[in-house]
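To start, the structure itself, in structure tokens.
Hydrogens, waters and symmetry mates play no part in the numbers below; they use all other heavy atoms, side chains included.
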Amino acid sequence: MTLETIKWNRADGKLEILDQTLVPTTISYIEIKGVKDGWNAINKMQVRGAPAIAMVGCLSMAVELLQHPGIYNDKDALFRDITDKMDYLVTARPTAVNLKLEAEGCKNLAEHMRVNFICHDIDFMIKNFIEHVDFKLRTDVKDNKSIGKFGADEILRNVPEGSSVTILTHCNTGSFATMGYGTALGVIRSLHEKGRLEHVYCTETRPYNQGARLTAFELVHDKIPATLICDNMVAALMKTKKITAVVVGADTVVGNGDTANKIGTYQIAILAKHHDIPFYVAAPLSSIDGKLSSGDQIIIEERPEREMTHINDMRIAAEGITCWNPAFDVTPASLITGIITNAGVSKPSDILDFIAKYIGITRDTLMELQHLSMNCDDDS
Ligand code: MRU
């Protein structure tokens, strides 16, 4: 997709994001001038999708460092500021683990510079921080392409040679949600590039309509054959059309393979099981939180009632009704056929052993590593 979700100019420290609350009717960018703006944009869902949230959080810190390098008297002050601000950014949205892990990575780097750098050159340390963030930006698209390839191969392995597949997806996991290509949508893009995609169905994804507004936009833009359905049509779709597989993204995959993703994912997984349709989660290794052992430990964000009662300024629910608006739900590992990562496809319950083997360490060592994502980048 040519539309850029995040525009970052390292040379002048300028960061702009596409305001996703306005897509598809308006394409408009807002400037993020620092951490406060970054927090607001993430919280208001002007940028959303676990990887994109993580990148905008880190970049908003980078912007602040580049624009005000003179405010730091010494490396302790730099360390304190990075630590406080990264902790603050994480509070903008609590469920997706990506921002938490990247924040830990940034804080670790700040601590490393404070303890181990002999020089006191603050500009040099800021440059080092920016390089760390830039590296993360570059790896995201590469990881998504790997997810796309592994996912397409996995799905095609289970269908007759040369036949085409039909995929159902939920929410938006594409270029809007990442630095480009996408995770679950990356699998769909890869199938399309191979000429093996018959059709995609995408759900509307109430209440925020990421499917209708964002995924549909990407599919139409890329000329991928696609049809939009309402969330309550999934069972009927599975009963009446031949769906080869469901592929969704993840906000957090925990140690036993349970997965938090956009509200509605769980019910789709139950329906897939009932209809004997493989159900895949596509996510980079940076979405896996090995510190949590069960989905029950994942904090589920609850969003304002207004997202359910209104569409823009128009009220669509009866005045006076109360609403429950959880943004995510947890799909148990038992309903997930496989987790498609940038390192290959794993059985959900084996995810930690799978990662340990990929990195070339034992599972015990993996558990000791505080920051999974920092240690999973193969060329870091
Ligand atoms: O509330 P959102 O729009 O941030 O939720 C997004 C999702 O649930 C995605 O599936 C997930 O973040 C993965 S995006 C690659």
Side-chain angles (χ1 to χ4, degrees), residues 20-26 45 48-49 165-174 176-177 182-185 187-188 192 197-251 259-282 300-319 321-331 335:
Q20 294 190 34
T21 60
L22 305 178
V23 179
T25 46
T26 307
M45 291 175 70
R48 30 67 49 204
V165 297
T166 295
I167 306 294
L168 169 67
T169 192
H170 184 54
C171 196
N172 175 265
T173 58
F176 285 119
T183 57
L185 208 51
V187 175
I188 289 165
H192 183 60
L197 183 74
E198 175 84 24
H199 208 80
V200 183
Y201 289 91
C202 65
T203 58
E204 201 176 21
T205 321
R206 282 280 295 147
Y208 195 73
N209 291 318
Q210 291 94 327
R213 297 187 303 104
L214 307 174
T215 303
F217 184 101
E218 293 196 39
L219 292 168
V220 171
H221 180 277
D222 283 16
K223 299 189 173 50
I224 295 175
T227 299
L228 176 68
I229 60 165
C230 297
D231 299 335
N232 52 2
M233 295 172 186
V234 171
L237 179 85
M238 288 178 174
K239 191 167 157 62
T240 54
K241 313 265 184 204
K242 174 82 194 97
I243 303 297
T244 315
V246 178
V247 190
V248 298
D251 285 84
T259 297
N261 190 50
K262 179 50 53 193
I263 189 74
T265 303
Y266 176 36
Q267 67 195 25
I268 297 175
I270 292 170
L271 292 170
K273 185 83 162 182
H274 180 79
H275 291 90
D276 207 16
I277 295 169
F279 181 94
Y280 290 99
V281 168
I300 300 293
E301 172 188 11
E302 294 199 10
R303 304 273 314 163
E305 292 191 356
R306 198 184 156 88
E307 283 176 6
M308 286 172 64
T309 56
H310 288 71
I311 292 185
N312 298 327
D313 286 333
M314 189 176 74
R315 187 164 188 108
I316 55 161
E319 198 89 50
I321 190 71
T322 58
C323 302
W324 179 52
N325 186 12
F328 303 96
D329 57 27
V330 175
T331 301
L335 295 177

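Taking 4.5 Å as the limit, every side-chain heavy atom of Glu301 sits out of range of all side-chain heavy atoms of Asp251. Under the 4.5 Å side-chain criterion, counting only non-hydrogen atoms from C-beta, Thr21 is in contact with Tyr208. Between Gln210 and Thr215 there is no side-chain heavy-atom pair separated by less than 4.5 Å. Residues Val330 and Thr259 form no side-chain contact, since every pair of their non-hydrogen atoms from C-beta on lies 4.5 Å or further apart. The shortest distance between side-chain heavy atoms of His310 and Pro304 does not fall below 4.5 Å.
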Notebook entry, point to check: Would Val234 and Leu168 satisfy side chain to side chain contact (heavy atoms under 4.5 Å, CB included), going step by step from the backbone distance to the final call?
Noted result: CA-CA 9 Å; Val234 171; Leu168 169 67; 3.9 Å; yes

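Taking OG1 of Thr169 as the reference point, atom CG of Leu219 lies at 8.5 Å (rounded to 0.5 Å). Distance CG/Asn325 to CD/Glu305: 8.5 Å, rounded to 0.5 Å. Note: Ile167 CD1 to Ile243 CD1 = 8.5 Å, rounded to the nearest 0.5 Å. Once rounded to the nearest 0.5 Å, the distance linking SG of Cys323 with CZ of Arg306 reads 11.5 Å.
Evaluation of the side-chain contact (heavy atoms from CB on, under 4.5 Å) rule for Thr173 yields Thr183, Ala184, Leu185 as partners, not counting sequence neighbours. Evaluation of the salt bridge (charged side-chain N to carboxylate O under 4.0 Å, His left out) rule for Glu198 yields no partner, not counting sequence neighbours. For Pro24, the side-chain contact (heavy atoms from CB on, under 4.5 Å) test picks out Arg213, Phe217, with sequence neighbours left out. Residues forming a side-chain contact (heavy atoms from CB on, under 4.5 Å) with Ala212 (at least two apart in sequence, or on another chain): Glu204, Asn209, Leu228.
Between Ile268 and Met238 the shortest heavy-atom distance is O-CE, 3.9 Å. Between His170 and Thr203 the shortest heavy-atom distance is ND1-OG1, 2.6 Å. The shortest heavy-atom contact between Phe328 and Ile300 is O-CG2, 3.2 Å. Pairing each heavy atom of Trp324 with each of Glu302, the nearest pair is NE1-OE2, 3.3 Å. Minimum interatomic distance between His192 and Ile224 (heavy atoms only, all atoms of both residues): CD2-CG1, 3.6 Å. For the pair Cys171 and Thr205, the tightest heavy-atom approach, listed with the atom from each and the gap, is N-OG1, 3.0 Å.
Every pair passing side-chain hydrogen bond (donor to acceptor under 3.5 Å, both in side chains) that includes a residue from residues 223-243 is listed here, sequence neighbours excluded: His199-Thr227.
With hydrogens and angles ignored, the 3.5 Å screen pairs a side-chain donor or acceptor of Arg48 with a backbone N or O of Asn172. Between the side chain of Gln20 and the backbone N or O of Phe176 there is at least one donor-acceptor pair closer than 3.5 Å. At least one donor-acceptor pair under 3.5 Å links the side chain of Thr244 to the backbone N or O of Thr166.
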Kindly list each side-chain donor-acceptor pair under 3.5 angstrom involving residues 272-279, sequence neighbours excluded, with atom names and distances?
residue : atom : partner : partner atom : Å
Lys273  : NZ   : Ser334  : O            : 3.4
His275  : ND1  : Leu271  : O            : 2.9

